[in-house]
Engineer: 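Below you'll find the structure I mean.
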Amino acid sequence: MSRRYDCADAEQRAAGLTDAASAVRRGELVVLPTDTVYGIGADAFTPSAVNLLLEAKGRGRDMPVPVLVGTVRAANALVENLGPYGQDLVDSFWPGPLTLICRVNRSLSWDLGETKGTVALRMPLHAVALDLLKDTGPMAVSSANRSGAPAATTAEEAEKQLGDAVSVYLDGGPCADSVPSTILDLTTAVPRLLRRGAVPVEKLREVIGYVATDADPESDDGPGSGA
């Protein structure tokens, strides 16, 4: 039976964060608000939990799950390095709606799907999400919807789509902006835009100069898609 907490109420928020963190540590799924859309999350280092997430969404391993972090230090531990542009982008846009695709730290023991040696990272600008992430550590998080359906912008919408597959729903109210995160690939010589989103490409260019935009913007179920 799923449990839902109204995070506008201080007592429910505290209880919900405790319950959600415990659920994540048990390998269960939680739904959390972010600064873009609601996300469905699992412990990034528990392969069975990540598989549950993919099953709940009806999504294949060919669409690997992005990772949300609560601190920049956590992000740095997950990648080989941020490359020549990553730190400037992190300083300018994190926490916020920018997902960065980097080469993964090869010493990590996890399975997010067919990542081809990369990881999609983001630090969301949402107090509830950050509090949870600082407790659990990095979480595999995708948009809280069945694959092909609209991304949930309320906890109620997420629950209608995902039901009892999720143990805990953290209700942070309606999303202020349903535009997904911008996705930027830093694994190539020139940063490459994979999905247009909440951070305009013009803002990226103000920080790092040239950004390749030859790829078509991706849908919710495209590479690195997530909350």
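As a basis for the values below, the full set of heavy atoms in this structure was taken, side chains included, without hydrogen atoms, waters or symmetry mates.
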Engineer: For residues Asp135 and Val24, determine if any side-chain heavy atom of one lies less than 4.5 Å from a side-chain heavy atom of the other.
Structural biologist: no
Engineer: Find the distance between CG (Asn145) and NZ (Lys57) and round it off to the nearest 0.5 Å.
Structural biologist: 4.0 Å
Engineer: Is any side-chain heavy atom of Glu28 closer than 4.5 Å to one of Ser22?
Structural biologist: no
Engineer: Please tabulate, for side-chain N and O atoms in residues 46-54, each donor-acceptor pair with protein atoms closer than 3.5 Å (sequence neighbours left out).
Structural biologist:
{"unit_1": "Thr46", "atom_1": "OG1", "unit_2": "Asp43", "atom_2": "OD2", "d": "2.6"}
{"unit_1": "Asn51", "atom_1": "ND2", "unit_2": "Pro47", "atom_2": "O", "d": "3.4"}

Engineer: Verify side chain to side chain contact (heavy atoms under 4.5 Å, CB included) between Ile40 and Val166, making sure each step is shown before the conclusion.
Structural biologist: CA-CA 8 Å; Ile40 176 174; Val166 171; 3.8 Å; yes
Engineer: Please determine, by modelled atom types, if Thr36 and Ser181 share a side-chain donor-acceptor pair under 3.5 angstrom.
Structural biologist: no
Engineer: Please identify each residue that fulfils side chain to side chain contact (heavy atoms under 4.5 Å, CB included) with Cys102, with sequence neighbours left out.
Structural biologist: Val79, Leu82, Leu100, Leu186
Engineer: Just so I know, are the side chains of Asp111 and Arg61 near enough to count as touching, which here means a heavy-atom distance under 4.5 Å?
Structural biologist: yes
Engineer: Answer yes or no: is there a side-chain heavy-atom contact under 4.5 Å between Leu194 and Ile101?
Structural biologist: yes
Engineer: Kindly write out the residues that satisfy salt bridge (charged side-chain N to carboxylate O under 4.0 Å, His left out) with Glu80, not counting sequence neighbours, or none if the list is empty.
Structural biologist: Arg106
Engineer: Any non-hydrogen side-chain atom of Thr153 less than 4.5 Å from a side-chain atom of Pro174?
Structural biologist: no
Engineer: Quick check: is Val72 connected to Leu78 through a chain of hydrophobic side chains (ILVMFWY, heavy atoms under 4.5 Å apart)?
Structural biologist: yes
Engineer: Taking the side chain as every heavy atom from C-beta outward, state whether Tyr5 and Val128 have any pair of such atoms under 4.5 Å apart.
Structural biologist: no
Engineer: For Ala158 versus Ala152, what's the shortest heavy-atom pair and its separation?
Structural biologist: N-CB, 3.5 Å
Engineer: Using a 4.5 Å cut-off on heavy atoms from C-beta on, say whether the side chain of Ile208 contacts that of Leu184.
Structural biologist: yes
Engineer: Hey, does Thr182 have a side-chain heavy atom less than 4.5 Å from the side chain of Lys203?
Structural biologist: no
Engineer: Out of Asp131, Thr18, Asp171, which residue meets the side-chain hydrogen bond (donor to acceptor under 3.5 Å, both in side chains) rule with Arg13?
Structural biologist: Asp131
